[in-house]
Asks: 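Let me give you the structure first, and then I'll get to my questions.
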Amino acid sequence: MSRILVLAAAKLSPLYAALLEQRFQLLDRAHEGDAAAFATVAATIRGLAANGDSRVGAELMARLPALEIIAVMGVGYDGIDVAAAKARGVRVTHTPDVLNDDVADLAIGLMLSAARQLPAADRWVRGGDWETRGAMPLARKVSGARLGLVGIGRIGQAIAQRAAGFGMQIAYTARSARPGLPYRFVADAQALAAASDYLVVITPGGAGTLHLVDAGVLRALGPKGILVNVARGSVVDEAALIEALEQGTLGGAALDVFADEPRVPARLKALPQVVLSPHIGSATTATRQAMADLACANLEACFAGRPLPSPVPECR
Ligand code: NAP
């Protein structure tokens with residue numbers, strides 16, 4: 001019996017690719033190079049496997065007439081044209097929840113790193129400054145400080161639970177208040193920033209949140225404030241962020257995501273009060289395996305005609 005054809009929309013995690021290869025015939029996008037040969041297989045491709053940062057537009061979908069599902073390994077799916085998929089009757093799935101702990105752990109780690117200047121402390125020891133210059137400049141306290149969360153969904157709540165363990169005073173903003181949560185709701189990001197020492201951004205990306213954290217929000221966070229972004233680079237106005245850090249109108253930042261990954265502006269890299277990580281929110285072996293398992297389970301369910309384990313909200 002011929003195997004179901006699944007196209008990789010981007011370079012996939014080896015864990016996801018290995019599962020797909022066991023179950024399906026996996027094609028990579030190099031096949032599109034030969035347009036005539038691709039057109040023959042394209043007619044039988046039933047699944048598209050993608051990452052959280054993959055771009056899948058209407059044009060690619062139009063070339064895949066048998067496409068039934070786009071299975072994203074990642075919770076964010078802002079790169080997928082979901083409206084175009086829905087219009088073609090293509091389901092879109094993602095991998096929520098299984099990565100909450102890791103992303104929340106990283107957010108707390110970045111907040112502590114920026115506040116206590118851990119990368120600079122490491123450099124201070126390795127570079128010999130401890131011996132020649134003595135003690136480091138004093139850092140900022142985290143325990144008991146005011147934390148503002150921009151977004152209080154699955155991951156935002158996991159961050160809040162951890163921050164409560166540090167005795168932080170927690171408030172949040174979102175489009176709507178969640179009355180069941182024991183945290184203070186603030187209607188907009190600027191007012192939240194004005195009442196926060198640390199502002200952690202954890203909303204989806206895409207048009208709805210583009211530059212939600214703008215120059216005004218950064219000014220409100222202020223010269224002692226620290227911004228942590230584990231959401232998407234698009235949510236923060238990166239040019240305004242660099243300006244604020246260079247001018248000292250913002251105290252510091254810790255960033256896992258950027259406007260044009262994997263390219264990071266040299267001006268940002270040059271700032272010592274900034275901690276940088278290469279989009280590693282969910283990057284542990286255990287979590288990436290759980291994400292790959294869930295993404296694959298969605299494909300299998302789709303082809304077997306069973307309910308999908310984790311469709312995106314628009315496709316439920
Ligand atoms: P979620 O459960 O859907 O939560 C999203 C939160 O953002 C909700 O509180 C939502 O509240 C709020 N929100 C959405 N649009 C908003 C807007 N325009 N203005 C203000 N708040 C808004 O999502 P999640 O599972 O926590 O994941 C959040 C995001 O984290 C993902 O979409 C992804 O982009 C990012 N992420 C990053 C990494 C990484 O490696 N750094 C890993 C995983 C996820 P309302 O709907 O009430 O507005």
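Both ligands and their constituent atoms are indexed starting at 1 by order of listing. Index from 1, following the sequence. Predicted, not measured: the structure shown is a model, and the values here were computed from it.
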Asks: With no hydrogens and no angle check, do the side chains of Glu314 and Tyr77 hold a donor and an acceptor under 3.5 Å apart?
Replies: yes

Asks: Decide yes or no for Leu67 and Leu60: does some side-chain heavy atom of the first lie under 4.5 Å from some side-chain heavy atom of the second?
Replies: no

Asks: What is the nearest protein non-hydrogen atom to atom 44 (C) of ligand 1, stated with its residue, atom name and distance?
Replies: Val75 CG1, 3.2 Å

Asks: Report the part of Leu212 in contact with ligand 1, treating N, CA, C, O as backbone and CB onward as side chain, heavy atoms under 4.0 Å; options are side chain, backbone, both, neither.
Replies: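 Looking at Leu212 and ligand 1, just side chain atoms fall under 4.0 Å.
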
Asks: Would one find an N or O of Ile280, backbone or side chain, under 3.5 Å from an N or O of ligand 1?
Replies: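 No, since none of the N or O atoms of Ile280 sits under 3.5 Å from an N or O of ligand 1.
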
Asks: Does any non-hydrogen side-chain atom of Leu245 lie less than 4.5 Å from one of Leu268?
Replies: yes

Asks: So, do Val56 and Leu48 sit near enough that their side-chain heavy atoms are less than 4.5 Å apart?
Replies: yes

Asks: Does any part of the side chain of Ser196, heavy atoms only, come nearer than 4.5 Å to the side chain of Leu147, both counted from C-beta?
Replies: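 Counting from C-beta outward, Leu147 and Ser196 never come under 4.5 Å.
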
Asks: For residues Leu12 and Leu20, determine if any side-chain heavy atom of one lies less than 4.5 Å from a side-chain heavy atom of the other.
Replies: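 Side chain of Leu12 against side chain of Leu20, heavy atoms only: contact under 4.5 Å found.
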
Asks: Could you work out, for atom 20 (C) of ligand 1, the closest of Ala189, Ala174, Gly52 by heavy-atom distance?
Replies: Ala174

Asks: Report, in ascending order of atom number, the atoms of ligand 1 lying under 4.0 Å from any heavy atom of Gly208.
Replies: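 Ligand 1 atoms under the 4.0 Å threshold to Gly208: 18 (N).
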
Asks: Is the closest side-chain donor-acceptor distance between Asp188 and Thr173 under 3.5 Å?
Replies: no

Asks: Considering only the protein, which heavy-atom contact is closest to atom 27 (O) of ligand 1, and what is its distance?
Replies: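 Its nearest protein heavy-atom neighbour is Ile155 CD1, 3.5 Å.
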
Asks: Please examine the side chains of Arg146 and Tyr198, heavy atoms only from C-beta on, and report whether any two atoms are closer than 4.5 Å.
Replies: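 The answer is no; the side chains never approach within 4.5 Å.
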
Asks: Looking at Ile202, which atoms of ligand 1 are within less than 4.0 Å of one of its heavy atoms?
Replies: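 Going through ligand 1 atom by atom, the ones under 4.0 Å from Ile202 are 28 (C), 30 (O).
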
Asks: Output the list of atoms in ligand 1 that are nearer than 4.0 Å to some heavy atom of Val103, sorted by atom number.
Replies: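 Every atom of ligand 1 under 4.0 Å from some heavy atom of Val103: 42 (C), 43 (C).
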
Asks: Using a 4.0 Å heavy-atom threshold (strictly under), name the region of Asp256 that reaches ligand 1: side chain, backbone, both or neither.
Replies: side chain

Asks: When you check the side-chain N and O atoms of Arg232 and Thr209, is any donor under 3.5 Å from an acceptor?
Replies: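 The answer is no; no qualifying pair exists.
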
Asks: Taking 4.0 angstrom as the limit and counting only heavy atoms of Thr209, give me the atoms of ligand 1 inside it, by number and element.
Replies: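 Answer for ligand 1: 15 (N), 16 (C), 17 (C), 18 (N).
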
Asks: Considering only protein heavy atoms, which is closest to atom 33 (C) of ligand 1, and at what distance to one decimal place?
Replies: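 Of the protein heavy atoms, Arg232 NH1, 3.8 Å lies nearest.
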
Asks: Are Ile70 and Val90 side-chain neighbours, meaning at least one heavy-atom pair lies under 4.5 Å?
Replies: yes

Asks: Over all heavy atoms of both residues, which pair between Val235 and Pro204 is shortest? Give the atoms and the distance, please.
Replies: CG2-O, 3.7 Å

Asks: Compare Arg154, Arg178, His279 and give the one whose heavy atom is closest to atom 40 (O) of ligand 1.
Replies: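 That would be His279.
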
Asks: So which of Leu255, Thr203, Val257 gets nearest to atom 13 (N) of ligand 1, if we judge by its closest heavy atom?
Replies: Thr203

Asks: Consider side-chain contact (heavy atoms from CB on, under 4.5 Å). Of Asp256, Ile226, Leu276, which one does Leu110 pass it with?
Replies: Asp256

Asks: I want to know if ligand 1 touches Leu99 in the polar sense, i.e. an N/O pair below 3.5 angstrom.
Replies: no

Asks: Among all protein non-hydrogen atoms, which one is nearest to atom 38 (C) of ligand 1, and what is the separation to 0.1 Å?
Replies: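 Closest protein heavy atom to atom 38 (C) of ligand 1: Val230 O, 3.7 Å.
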
Asks: Which heavy atom of the protein is the closest neighbour of atom 9 (O) of ligand 1, given with residue, atom name and distance?
Replies: Ile152 N, 2.8 Å

Asks: Enter the distance from Phe258:CZ to Glu238:CD here, rounded to the nearest 0.5 Å.
Replies: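 Going from the CZ atom of Phe258 to the CD atom of Glu238 covers 7.0 Å.
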
Asks: If you have a sec, work out which protein heavy atom is nearest atom 4 (O) of ligand 1 and how many Å separate them, to one decimal?
Replies: Gly153 CA, 3.2 Å

Asks: With respect to Gly151, determine whether any N or O atom, backbone or side chain, lies less than 3.5 Å from an N or O atom of ligand 1.
Replies: no

Asks: How does Arg175 reach ligand 1, if at all, at less than 4.0 Å between non-hydrogen atoms: by side chain, backbone, both, or neither?
Replies: both

Asks: What protein heavy atom lies closest to atom 47 (O) of ligand 1? Include the residue and the distance to one decimal.
Replies: Ser176 OG, 2.8 Å

Asks: Out of Gly76, Pro204, Ala231, who is nearest to atom 35 (C) of ligand 1 when you count heavy atoms only?
Replies: Ala231

